[in-house]
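What you see below is based on every heavy atom in this structure, not just the backbone, and it leaves out hydrogens, waters and symmetry mates. Residue numbering restarts at 1 for every chain, and letters A, B, ... go by the order of the sequence lines. Quick caveat, the model's predicted, so the values are computed rather than measured.
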There are 2 protein chains.
Amino acid sequence: MSRPTIARVARAAGVSVASVSRVLNGLPATEEMAERVRRAVEELGYVPDARARSLKVGRTFQLTLAVADVGNPVYVTMMRAVEEVVSAAGYRLVVTTTGPDVVDEVALVRGMARGYADGLVISPLRVDDDLIKSIRECDVPVVVAGNVPARAGVDTVRANSPKGMLLAVEHLLAKGRRRIAFVNGPVDTVPGSARAKGFREAMKANELQAVGEVEAADFTFAAGRAAGKELLGESAYEAGSRGDGPAATARLDAVICANDLLAVGIMHELGARGLAVPAEVAVIGMDDSELAEQSFPPLTSVNLGSAERGRRAAELLLARIEDDSRPPRRIVVQPTLSVRSST
Amino acid sequence: MSRPTIARVARAAGVSVASVSRVLNGLPATEEMAERVRRAVEELGYVPDARARSLKVGRTFQLTLAVADVGNPVYVTMMRAVEEVVSAAGYRLVVTTTGPDVVDEVALVRGMARGYADGLVISPLRVDDDLIKSIRECDVPVVVAGNVPARAGVDTVRANSPKGMLLAVEHLLAKGRRRIAFVNGPVDTVPGSARAKGFREAMKANELQAVGEVEAADFTFAAGRAAGKELLGESAYEAGSRGDGPAATARLDAVICANDLLAVGIMHELGARGLAVPAEVAVIGMDDSELAEQSFPPLTSVNLGSAERGRRAAELLLARIEDDSRPPRRIVVQPTLSVRSST
DNA sequence: GTCTGACTTGTAAACGATTACAAGAACGAT
DNA sequence: ATCGTTCTTGTAATCGTTTACAAGTCAGAC
């Protein structure tokens, strides 16, 4: 026998479907009637169909979180925070992954119109007009965890990358480092461009010149290693000149990385060349993800407030679901520095 | 104006709703009619409602992957593999997280009856009769990535932990290590108990006795560190006796860990005590997750085939959706060893 | 010109829930 | 006894699709 429907329950209990629905939704009913319904429900193992319910009531009680790369530990921090807020509000959280291309993100946002969920938190890697348009026109509330132009007219909660960069640079200065290199992710991404700008400003404010700057292919560990090779030179530090010549250390004494995965990749390349962290080269990551704490040496990292951003994003989403007419809010979360052993 | 429905499109195109539906689903229609429909769809920005559609056709074209802890990198490996297979088959993958308690898992499986998705891949941490019952009775196909008894009558794909443990022990032996300790996760979990058993067998087969065995509170990095403290002694290696006395190294020369997070935690504790990896103590992890490659030193890890398990699980799920009457299959994926610098 | 068959399109009944509305029951006040 | 309230329960419409079935159109064969 296939899944029982509310009609079968009603028949079994000898009442109407309306009564079953009422009992199940806690509307007033006599105790005797409620008891009969409950017994029938129990007996048949009835579970209401969410599709039918949401078709009727127009809500799914599900929210979606879309991230670009599940392998990036910054998203687990964010995910945990979002999960906590939305589940406390009685929603299920489902996570989907978009991939790095903006067309996938657009497709996802457009797809929300199909009614999969009551709202979306999206953390887009790349933003273009299409994406902004799709977000504006989306039938369900969307909040962006990241930076999109104000004209998008959408709730956002973003990090303060320039401020974060400043924290990083000043921390290195305080540690006596002045020959600072920068490893960024792709500059055609939202975080990539923000961090490039932030780095330039922070260096300028401190009258420093970067001793190296490379752009990794993406925000992954592998790209970090490749960037490290580029930054440190493929062959300059090979066996026989294992970092003990002046050329090895004179060039740079600190590296700031656009995220923790890149930083860990860089540390591996430094290690491969016999350069000690932090003795010879200090390394700073960004995101302060779980990886920062797990890496060795533990990574000093700019905490861009992923957890708080996740929390605030979830709260904005819930508030907008509550009241769609409220003016869009743009929240900026301030960074802090988590100092560990890599500097 | 609220979301357009198929009826509005039909009116705009001057045709019936049935025709709109047919055109949208690629059923035969005259070119003229198709063109009018497409134009109306375009103009109104119509997107079919997935809830209504799936209510009617009884399928959602969504599949769910449920994992216990998004912070565990083994799941990202698995997630990627599952995603690839199901999206190639035209399904959306949504990921939910259950938490460590079996009651949450049971609730999730029961909840599938609400029709959120057409199938479920679940990787349960803890299994009890309730969970097995809920899986057996689940209205949508379920495949378990992990070990459940055959009587559950469900498709499973699991790792071969004992074989993996054997690989680990024999590798250490080949490296001349004989004083092996074991850091497990909770033994009331599926992987915990499998690995405990595997470790015992592997040690016995090689006529070795464990020099230490501790059970971490869970499979996380923090628990790994705590376990390291317990294993190595809170105070025995403090400053002043930094691993240079015989007591420090004589006790153990290798640690096998039940997963990579625990292994990295252990390496941190070893580092804190000045014990060099691998020179003084070799460390082996399990899962061969991205973290193994990222850790420093890179972690030798038993590859329990997470990617392949994910792939096979997804394939089993698709096959069962295709044909629910096929006999349950129980696939075992064989482990390999990824040797890196920690041993 | 009629009939057959193939093909196109429309009408209306599902899918499984919620809920507006109506009807009936119970009860106290007059 | 009658009336009006209030409370409980049932009937049926509805959400937005898909699809079985019916009806209509058209071409070709006789």
Rounded to whole angstroms, how far apart are [atom1] on [X] and [atom2] on [N]?
| X | N | atom1 | atom2 | value |
| --- | --- | --- | --- | --- |
| Leu55(A) | dC15(C) | CG | C1' | 9 Å |
| Phe61(A) | dT18(C) | CZ | P | 11 Å |
| Arg114(A) | dC15(D) | CZ | C1' | 18 Å |
| Arg3(A) | dG16(C) | CZ | P | 8 Å |
| Leu24(A) | dG16(C) | CG | C1' | 13 Å |
| Asp49(B) | dT14(D) | CG | P | 18 Å |
| Ile6(B) | dC15(D) | CD1 | C1' | 14 Å |
| Arg36(B) | dT8(C) | CZ | P | 16 Å |

Axis bend over the full length of the helix from dG1(C)-dC30(D) to dT30(C)-dA1(D), computed from five pairs that close each end, to 10 degrees: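 Comparing the axis at each end, I get an angle of 70°.
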So what does Ala29(A) touch, heavy atoms closer than 4.0 Å: a base, only the sugar-phosphate, or nothing?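 Counting heavy atoms under 4.0 Å across all strands, the contact made by Ala29(A) is with sugar-phosphate only.
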Which residue pairs pass the ring pair (Phe, Tyr, Trp, His ring centres under 6.0 Å) test when at least one of the two sits in residues 84-143 of chain B, sequence neighbours left out?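 Found Phe61(B)-Tyr91(B).
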Counting side-chain heavy atoms from CB outward, which of dT17(D), dA17(C), dG16(C) is closest to Tyr46(A)?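 Output: dA17(C).
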Kindly say if Thr5(A) contacts the phosphate of dG16(C), meaning a side-chain N or O under 4.0 Å from OP1 or OP2. no
Given dT9(C), is OP1 or OP2 found less than 4.0 Å from the side-chain N or O atoms of Thr30(B)?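 For dT9(C), OP1/OP2 do have a side-chain N/O of Thr30(B) under 4.0 Å.
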Contact list for [range], test salt bridge (charged side-chain N to carboxylate O under 4.0 Å, His left out), sequence neighbours left out:
| range | value |
| --- | --- |
| residues 107-126 of chain B | Arg126(B)-Asp188(B) |
| residues 148-157 of chain B | Asp129(B)-Arg151(B), Asp155(B)-Arg320(B) |
| residues 83-109 of chain A | none |

Contacts table for residues 70-81 of chain A: side-chain donor-acceptor under 3.5 angstrom, sequence neighbours left out:
residue: Asn72(A); atom: OD1; partner: Val74(A); partner atom: N; Å: 3.1
residue: Arg80(A); atom: NH1; partner: Glu290(A); partner atom: OE2; Å: 2.2
residue: Arg80(A); atom: NH2; partner: Asp69(B); partner atom: OD1; Å: 2.5

Taking the side chain as C-beta and beyond, is there a heavy-atom pair between Arg53(A) and Leu55(B) under 4.5 Å? no
Tell me, do Leu108(B) and Leu120(B) make a side-chain contact under 4.5 Å, heavy atoms counted? yes
Whichever of Pro48(A) and Glu32(B) has its nearest DNA chain C nucleotide further upstream toward 5': Glu32(B)
Sequence neighbours left out, cut at 3.5 Å: what donor-acceptor pairs do the side chains of residues 41-49 of chain A make with other protein atoms?
residue: Asp49(A); atom: OD1; partner: Arg51(A); partner atom: N; Å: 2.6
residue: Asp49(A); atom: OD1; partner: Ala52(A); partner atom: N; Å: 3.1
residue: Asp49(A); atom: OD2; partner: Arg51(A); partner atom: NH2; Å: 2.9

Please list every donor-acceptor pair under 3.5 Å in which a side-chain atom of residues 307-315 of chain B meets a protein atom from a residue at least two apart or in another chain.
residue: Glu308(B); atom: OE2; partner: Arg312(B); partner atom: NH1; Å: 3.2
residue: Arg309(B); atom: NH1; partner: Leu304(B); partner atom: O; Å: 2.9

Under 3.5 Å, which N/O atoms of the protein pair with N/O atoms of nucleotides 19-21 of chain C?
none

